[in-house]
Amino acid sequence: MSAQPIPRLTAEEYLTAERAAEFRSEFYDGCMYAMAGGSIPHNVIAGNVYGELKRLLKGRGCLVTIADVRLRVSPGRVYTYPDVMAVCGEPKTADDRKDTLLNPSLVVEVLSPSTEAHDRGYKFAQYRQLESIREYVLVSQSEPRVERFERQPDGRWVLSEHVGMNAVCRFESVDCDVPLADIYENVAFGEQPATGGAA
């Protein structure tokens, strides 16, 4: 049995429905997609990144948001909910509701098995079109690994990887350093299989 076609929405219809909904949905080219609930590690990692950035940027005229703030990537086409965003300077919002940010310089996504391909592919391609974004960061849940994509003056994006609990991630767009030990505080990674005979 084929799925019934879902009527396409305008961005205005999406925003009206989204603001009245009990759960969050992202918007891509006329279609709403409900967001799945996150795991405990996902939530802890996103909270750690948010907490460290908020602490480090205190008093510097920067805004740091987490999860529930919507990002308008392109008018009428794409609205998302990044795990963490930061903007230094005057934050711009889409309207008086002040629930849709327009100009983050830093966007952070914590990778999940169900969304990793989307975060690396389509979503990153959309984010690259938003001129304010200078840095896109992907944070692994399965190991201590942070991948930073930084926009260069000529428009290229350069990847830097930070791996291991002793590494330190440099967030160039907001001029601060966060140790991976702080990003992964209270996160237990899967145990390695035991080797050798029985004890």
Side-chain angles (χ1 to χ4, degrees), residues 24 26 35 38-74 78-112 115 119-120 123-124 126-141 143-153 155-187:
R24 293 179 294 130
E26 295 189 328
M35 298 180 65
S39 66
I40 291 174
H42 183 286
N43 188 271
V44 170
I45 293 166
N48 288 345
V49 172
Y50 168 79
E52 287 301 307
L53 288 175
K54 188 165 178 60
R55 180 181 66 82
L56 291 166
L57 296 175
K58 184 176 181 180
R60 291 176 47 190
C62 300
L63 171 72
V64 184
T65 68
I66 187 167
D68 286 333
V69 176
R70 190 170 37 252
L71 170 63
R72 188 181 80 185
V73 182
S74 59
V78 179
Y79 292 77
T80 66
Y81 286 92
D83 288 315
V84 179
M85 292 186 286
V87 55
C88 291
E90 184 68 28
K92 297 177 183 175
T93 56
D95 53 39
D96 291 341
R97 297 288 293 270
K98 298 190 183 301
D99 59 359
T100 305
L101 190 63
L102 302 179
N103 64 330
S105 54
L106 168 67
V107 171
V108 180
E109 297 283 10
V110 179
L111 297 174
S112 299
T115 63
D119 289 340
R120 291 185 180 280
K123 191 177 277 189
F124 186 25
Q126 298 305 309
Y127 287 158
R128 289 196 299 268
Q129 297 176 44
L130 191 58
E131 289 186 9
S132 70
I133 296 179
R134 293 180 45 212
E135 197 168 20
Y136 182 51
V137 178
L138 299 174
V139 184
S140 174
Q141 277 192 74
E143 62 176 326
R145 175 185 297 271
V146 175
E147 298 168 73
R148 289 179 48 255
F149 296 89
E150 186 181 358
R151 190 195 303 262
Q152 304 300 301
R156 291 178 305 117
W157 289 80
V158 174
L159 167 66
S160 300
E161 289 187 278
H162 311 273
V163 182
M165 295 297 274
N166 293 324
V168 175
C169 182
R170 172 74 180 166
F171 291 94
E172 289 287 351
S173 60
V174 291
D175 189 26
C176 65
D177 300 309
V178 180
L180 267 65
D182 292 337
I183 290 174
Y184 290 101
E185 184 180 9
N186 295 322
V187 176

Could I get the full list of side-chain contact (heavy atoms from CB on, under 4.5 Å) partners for [X], not counting sequence neighbours?
X: E185; answer: N48
X: E150; answer: R148, Q152, E172
X: L159; answer: E147, F149, E161
X: R151; answer: I133, W157

Task: Residues forming a ring pair (Phe, Tyr, Trp, His ring centres under 6.0 Å) with Y127, sequence neighbours excluded - done: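 With sequence neighbours excluded, Y127 shows a ring pair (Phe, Tyr, Trp, His ring centres under 6.0 Å) to Y136, given in chain and number order.
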
Side-chain touch [X]/[Y], heavy atoms, less than 4.5 angstrom:
X: V137; Y: E135; result: yes
X: L101; Y: P91; result: yes
X: P104; Y: L71; result: yes
X: Q141; Y: L111; result: no

- [ ] Mark yes when over 12 heavy atoms from residues, nucleotides or ligands other than N166 sit less than 6.0 Å from its CG; otherwise mark no.
- [x]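 For N166, atom CG is not crowded (no more than 12 foreign heavy atoms under 6.0 Å).
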
Open item on the list: According to salt bridge (charged side-chain N to carboxylate O under 4.0 Å, His left out), does anything in residues 99-108 pair up with another residue at least two apart or in another chain? List the pairs.
Closed with: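 Listed once each, the pairs are R19-D99, R70-D99.
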
Shortest non-hydrogen contact from [X] toward [Y]:
X: S112; Y: H42; value: OG-CD2, 3.2 Å
X: S132; Y: L102; value: OG-O, 3.9 Å
X: Y81; Y: D68; value: CE2-O, 3.6 Å
X: S173; Y: L106; value: OG-CB, 3.4 Å
X: D83; Y: A46; value: CB-CB, 4.3 Å
X: R24; Y: A67; value: NH1-O, 2.9 Å

Open item on the list: Let me confirm one number: the NZ-CG distance from K92 to N103, rounded to the nearest 0.5 Å.
Closed with: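 Reported to 0.5 Å precision, the distance equals 6.0 Å.
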
- [ ] With rounding to the nearest 0.5 Å, note down the distance linking CG in D177 to CG in D182.
- [x]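 It is 11.5 Å, given to the nearest 0.5 Å.
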
- [ ] Identify, with sequence neighbours excluded, every residue that meets salt bridge (Lys or Arg N to Asp or Glu O under 4.0 Å) alongside D119.
- [x]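 Checked D119 against salt bridge (Lys or Arg N to Asp or Glu O under 4.0 Å); matches are K123.
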
Open item on the list: Applying the side chain to side chain contact (heavy atoms under 4.5 Å, CB included) criterion to I183, which one of V178, V44, V110, V108 satisfies it?
Closed with: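 Testing I183 for a side chain to side chain contact (heavy atoms under 4.5 Å, CB included) against V178, V44, V110, V108 leaves exactly one candidate, V178.
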
Task: Test log, rule side-chain contact (heavy atoms from CB on, under 4.5 Å), inputs E109 and L138 - done: CA-CA 5 Å; E109 297 283 10; L138 299 174; 4.0 Å; yes

Show which side-chain atoms of residues 55-63 pair as donor or acceptor with protein atoms under 3.5 Å away, not counting sequence neighbours.
{"unit_1": "R55", "atom_1": "NH2", "unit_2": "E52", "atom_2": "OE1", "d": "2.7"}
{"unit_1": "R60", "atom_1": "NH1", "unit_2": "D175", "atom_2": "O", "d": "3.3"}
{"unit_1": "R60", "atom_1": "NH2", "unit_2": "V174", "atom_2": "O", "d": "2.6"}

Non-neighbouring partners of [X] that pass side-chain hydrogen bond (donor to acceptor under 3.5 Å, both in side chains), sequence neighbours left out:
X: Q129; answer: none
X: H162; answer: none
X: T65; answer: none
X: S105; answer: none

